[in-house]
Amino acid sequence: MNEKVAKLINQQINKEFYSAYLYLEFSNYYGAVGLDGFENWYKIQAQEERDHAMLFYQYLQNNEVKITLEAIDKPDCSLTDNMAPLKAGLKHEKYVTELINNIYAAAYEIHDFRTMQLLDWFVKEQGEEEKNASDLITKMELFGTDAKGLYMLNSELKARVYTAPSLVL
């Protein structure tokens with residue numbers, strides 16, 4: 001496997017674990033303010049991010065690339081109100097999209113079609129992640145200041161269940 005692509009994927013493993021930490025921080029915030037649906041939604045997001053890290057991990061293992069796990073940074077965000085995690089989440093998803101695109105560009109440059117095939121799933125996933133994050137902001141803007149609306153939105157998010165990704169490596 002190309003050294004540059006392997007290094008970027010190795011770094012992405014750490015970034016995905018950081019994403020899980022960040023979403024657990026959001027979950028903690030919402031749990032503390034009594035929004036258990038939002039808390040649930042971000043706990044599930046954290047699970048997804050851990051699975052993303054493990055997909056990259058398994059891909060490197062399958063290609064006999066040595067994996068180097070780095071320290072995971074503490075989430076650096078100021079959660080001052082119910083909208084703050086949502087906006088930070090969208091910003092973070094756009095950042096992750098940029099990271100995935102950078103790996104894809106490196107794989108494309110050397111015609112690493114297997115890695116590009118793996119990344120195709122992540123490109124699609126990031127589109128969904130950004131849309132979900134954006135939709136949450138829109139819903140909070142529409143309903144978040146109305147107690148009944150916030151209750152309904154919270155109930156909607158509480159119903160979310162975890163579904164593991166189905167990606168064959």
Side-chain angles (χ1 to χ4, degrees), residues 8-59 69-106 118-167:
L8 289 170
I9 293 173
N10 212 332
Q11 291 170 347
Q12 189 63 31
I13 292 168
N14 192 66
K15 300 293 185 183
E16 296 291 341
F17 281 128
Y18 172 81
S19 296
Y21 270 36
L22 181 66
Y23 292 145
L24 284 175
E25 182 75 8
F26 295 174
S27 180
N28 287 336
Y29 169 82
Y30 285 121
V33 298
L35 292 171
D36 57 349
F38 285 82
E39 176 185 21
N40 175 63
W41 202 88
Y42 277 110
K43 272 186 191 170
I44 290 172
Q45 280 301 108
Q47 286 179 287
E48 281 190 7
E49 301 305 336
R50 287 190 306 266
D51 279 351
H52 294 169
M54 293 308 296
L55 287 170
F56 282 120
Y57 180 93
Q58 188 63 54
Y59 183 73
L69 298 175
E70 302 291 341
I72 301 169
D73 293 334
K74 178 181 176 181
D76 182 26
C77 54
S78 177
L79 306 178
T80 56
D81 59 42
N82 294 342
M83 183 64 86
L86 303 179
K87 288 185 176 179
L90 177 58
K91 181 180 176 184
H92 183 72
E93 288 301 340
K94 288 180 178 184
Y95 169 68
V96 172
T97 297
E98 183 182 319
L99 295 171
I100 299 294
N101 289 344
N102 289 340
I103 302 169
Y104 201 106
L118 168 77
L119 293 170
D120 284 340
W121 184 87
F122 282 96
V123 168
K124 182 177 181 270
E125 176 70 8
Q126 281 310 119
E128 292 172 9
E129 296 288 10
E130 286 188 30
K131 173 89 169 89
N132 289 338
S134 180
D135 287 351
L136 278 177
I137 291 170
T138 299
K139 289 178 180 181
M140 183 63 91
E141 288 172 344
L142 289 170
F143 310 117
T145 57
D146 174 67
K148 290 178 186 173
L150 182 59
Y151 176 81
M152 293 299 293
L153 179 55
N154 188 64
S155 296
E156 175 186 323
L157 298 178
K158 191 173 183 178
R160 182 182 185 199
V161 295
Y162 179 69
T163 307
S166 56
L167 177 63

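- The pair D135-K139 fails the salt-bridge criterion, with no side-chain N (NZ, NE, NH1 or NH2) lying under 4.0 Å from an Asp/Glu carboxylate O.
- Formation of a donor-acceptor pair under 3.5 Å by the Q126 side chain with backbone atoms of K94 is not found in this model.
- The shortest heavy-atom contact between L119 and I100 is CD2-CG2, 4.4 Å.
- Shortest non-hydrogen contact noted between M83 and E141 is CE-CG, 3.5 Å.
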Verdict with supporting geometry, V96 and Q12, side-chain contact (heavy atoms from CB on, under 4.5 Å):
CA-CA 9 Å; V96 172; Q12 189 63 31; 4.0 Å; yes
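- Judged by distance alone, with hydrogens and angles left aside, the side-chain atoms of N154 form a donor-acceptor pair with the main-chain N or O of F38 at under 3.5 Å.
- The NE2 atom of H52 lies 8.0 Å from the CD atom of Q45; values are rounded to the nearest 0.5 Å.
- Remark: the Y30 side chain and the N82 side chain contain no N/O donor-acceptor pair separated by less than 3.5 Å.
- Proximity of the aromatic rings of Y29 and F26 is defined here by a centroid distance below 6.0 angstrom, and this criterion is not met.
- For F56 and F122, the distance between ring centers is under 6.0 angstrom.
- Taking CG from L55 and CD from E16, the interatomic distance works out to 9.0 Å, rounded to the nearest 0.5 Å.
- Residues Y42 and P85 come closest through the heavy atom pair OH-O, 3.9 Å.
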Using side-chain hydrogen bond (donor to acceptor under 3.5 Å, both in side chains), reason through Y151 and D146 one step at a time and then give a plain yes or no.
CA-CA 8 Å; Y151 176 81; D146 174 67; over 6 Å; no
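- With rounding to the nearest 0.5 angstrom, the CD1 atom of I13 is 10.0 Å from the CD atom of Q58.
- Annotation: the span from K15 atom NZ to L22 atom CG amounts to 12.0 Å, rounded to 0.5 Å.
- Although no hydrogens or angles enter the test, the distance criterion places no donor-acceptor pair under 3.5 Å between the side chain of D36 and the main chain of E39.
- Shortest non-hydrogen contact noted between D73 and Y21 is O-CD2, 3.9 Å.
- Remark: side-chain polar atoms of N40 are paired, donor with acceptor, to backbone N or O of L157 under 3.5 angstrom.
- The CG atom of L90 lies 4.5 Å from the CD1 atom of I137; values are rounded to the nearest 0.5 Å.
- The CG atom of L153 sits 9.5 Å away from atom CG of L142, with the distance rounded to the nearest 0.5 Å.
- Looking only at side-chain heavy atoms (C-beta outward), M54 and F17 come within less than 4.5 Å of each other.
- Closest heavy-atom contact between S78 and T80: OG-CG2, 3.3 Å.
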Going through the distances and angles, do K124 and D120 end up as a salt bridge (charged side-chain N to carboxylate O under 4.0 Å, His left out)?
CA-CA 6 Å; K124 182 177 181 270; D120 284 340; over 6 Å; no
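- Minimum interatomic distance between A20 and E49 (heavy atoms only, all atoms of both residues): N-CB, 3.6 Å.
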